[in-house]
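Only this structure's heavy atoms are used, side chains among them; waters, hydrogens and symmetry mates stay out.
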Amino acid sequence: MKRNEKFVITINRELGSGGRTVGEKLAERLGVPFYDKALIKALEEKYNLTVEEIERLKGRNHSWWADFKRVVSIGHALSNMQYYEINTAFAPDILTTAEMFKAEVEILKGMAEEESCVIAGRTGFHVFRDHPNHLSILIKAPLEQRILRLTAKRGISSEEAKAIIEKVDAQRENYVQKYTGTSRYSTHNYDLVISMKDKTEDEVTSLIMQYIA
C-alpha cells in the first residue's frame, strides 16, 4: 500500500478482539477518517441513503460523497454511533436485504473515492478487492480474551458474553457468505491476519504502521 496516494484500509475483526479500537487508533495515526457499520447504518436510516437516492446524488455530482459530507453533519452521526451499535450489533441477518447491501456498498465506495480512510466492516475486503491501493486486515483474538473484554465493556457475565460472541460470529459469517460467496475467516481475503493474543491495541496499531511504512 502506498501512503502517499489515496488509499483504503479495511479491517475485519472478531467481536471482543479490540479490532475496532485498533481501526480508530490507526486512522488517528494516519490522519484519515475512520468509518464503521454503525455510521453506515446511521446514514442509511437518517438520510434515506437507498440505492435510488445515491444514484440521484451521483447524477447531480460525481463527487457525491464529498458534497454529502458538506451538507450533513457526519460528526453528529458519529456522536450517535453507540446507539446504532447497540441496536444493530445483534440484529438478525434477515433484516439485511439485497437492496440494503447494495446501498452499503455504494456508501463504502463513495467514502474511498473522495479520501483515504480506514473502514471497519464485514464486507470491506470484498468491496475493495480490486482497489489499486487497498490493505485488507483481519484481527482475531482467543475466545477467552474476547469474553473478558466483552464482560468488562458491557458488564455482563462470562456465559452471556460467550453466547453473544457465538451468535454474532455465526451471523457475521452467514452475512459474508451470503453477499460475497466467501468466508470472512479465509486468509486469502487479507493482506494481514493479526492475533491480539498478548498484545495491546497500541502494539497492534504500531505493527500495522510498520508494515505500511
Side-chain angles (χ1 to χ4, degrees), residues 1-14 17-47 49 51 53-54 57-58 61-82 84-85 88 100-139 172 175-176 179-180 184 189-194 201-202 204-213:
M1 190 194 83
K2 300 176 181 178
R3 287 179 58 182
N4 60 338
E5 299 178 9
K6 193 183 300 179
F7 64 80
V8 57
I9 298 174
T10 57
I11 296 179
N12 265 60
R13 79 279 189 203
E14 293 182 316
S17 67
R20 184 181 181 280
T21 301
V22 169
E24 290 180 312
K25 289 178 176 290
L26 181 62
E28 183 178 1
R29 293 272 290 273
L30 291 168
V32 301
F34 170 80
Y35 301 118
D36 75 352
K37 73 181 180 70
L39 175 60
I40 295 172
K41 190 62 65 177
L43 294 175
E44 286 181 318
E45 295 183 5
K46 184 172 182 178
Y47 299 106
L49 286 187
V51 175
E53 177 61 13
I54 291 171
L57 292 170
K58 281 184 177 181
N61 189 331
H62 177 69
S63 301
W64 73 273
W65 175 251
D67 281 354
F68 181 78
K69 282 182 64 178
R70 284 193 290 267
V71 172
V72 305
S73 173
I74 294 296
H76 177 69
L78 285 167
S79 70
N80 288 328
M81 188 171 290
Q82 185 62 31
Y84 283 96
E85 185 68 20
T88 64
M100 289 169 63
F101 173 72
K102 290 178 183 177
E104 290 177 9
V105 168
E106 291 303 319
I107 293 171
L108 290 173
K109 287 182 177 180
M111 291 171 173
E113 283 176 3
E114 296 303 324
E115 58 193 348
S116 294
C117 56
V118 176
I119 298 174
R122 292 168 291 187
T123 61
F125 71 88
H126 179 77
V127 173
F128 297 106
R129 63 192 183 282
D130 297 323
H131 191 284
N133 202 21
H134 169 219
L135 177 67
S136 182
I137 303 171
L138 173 64
I139 296 179
R172 289 180 176 176
Y175 178 93
V176 170
Y179 291 106
T180 73
R184 65 194 292 260
N189 294 318
Y190 307 100
D191 301 299
L192 281 178
V193 178
I194 302 174
E201 289 91 347
D202 285 323
V204 171
T205 302
S206 294
L207 181 67
I208 298 171
M209 290 294 294
Q210 291 173 17
Y211 180 84
I212 62 180

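- Legend: residues meeting side chain to side chain donor-acceptor pair (under 3.5 Å) with N133, ordered by chain and number and at least two apart, are absent.
- Under the 30°/60° scheme for interplanar angles, the aromatic rings of Y190 and F125 are found to be tilted.
- One finds the OG1 atom of T21 at 10.0 Å from the CG atom of D202 (value rounded to the nearest 0.5 Å).
- Partners of H126 by side chain to side chain donor-acceptor pair (under 3.5 Å), not counting sequence neighbours, listed by chain and number: R129.
- Counting heavy atoms from C-beta outward, I119 and V127 have side chains that stay 4.5 Å or more apart.
- The salt bridge (charged side-chain N to carboxylate O under 4.0 Å, His left out) check on D191 picks up nothing, with sequence neighbours excluded.
- Judged as a salt bridge (charged side-chain N to carboxylate O under 4.0 Å, His left out), and not counting sequence neighbours, the contacts of E106 are K58.
- With rounding to the nearest 0.5 Å, the separation of CG in L30 from SG in C117 is 11.0 Å.
- When atom types are taken as modelled, the side chain of R184 and the backbone of T123 share no donor-acceptor pair closer than 3.5 angstrom.
- Every residue two or more places apart in sequence or in another chain was checked for a side chain to side chain donor-acceptor pair (under 3.5 Å) with E28, and none qualifies.
- Distance check, rounded to the nearest 0.5 Å: CD1 of I139 to CG of L26 gives 8.5 Å.
- To the nearest 0.5 angstrom, I212 atom CD1 is 10.5 Å from L207 atom CG.
- Residues Y211 and L135 are in side-chain contact: their nearest non-hydrogen atoms beyond the backbone lie under 4.5 Å apart.
- For the atom pair CZ of R20 and CG of D36, the computed distance is 4.5 Å after rounding to the nearest 0.5 Å.
- To the nearest 0.5 Å, the span separating CD on E24 from OG1 on T205 amounts to 10.0 Å.
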In a table with atom names and distances, give each donor-acceptor pair under 3.5 Å that connects a side chain of residues 1-12 to protein atoms at least two apart or in another chain.
from, atom 1, to, atom 2, distance (Å)
K6, NZ, E113, O, 2.6
T10, OG1, H134, NE2, 2.7
N12, ND2, R122, O, 3.1

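- Under the side chain to side chain donor-acceptor pair (under 3.5 Å) criterion, T180 pairs with no residue at all, not counting sequence neighbours.
- Here the shortest heavy-atom pairing between S116 and P33 reads O-CD, 3.2 Å.
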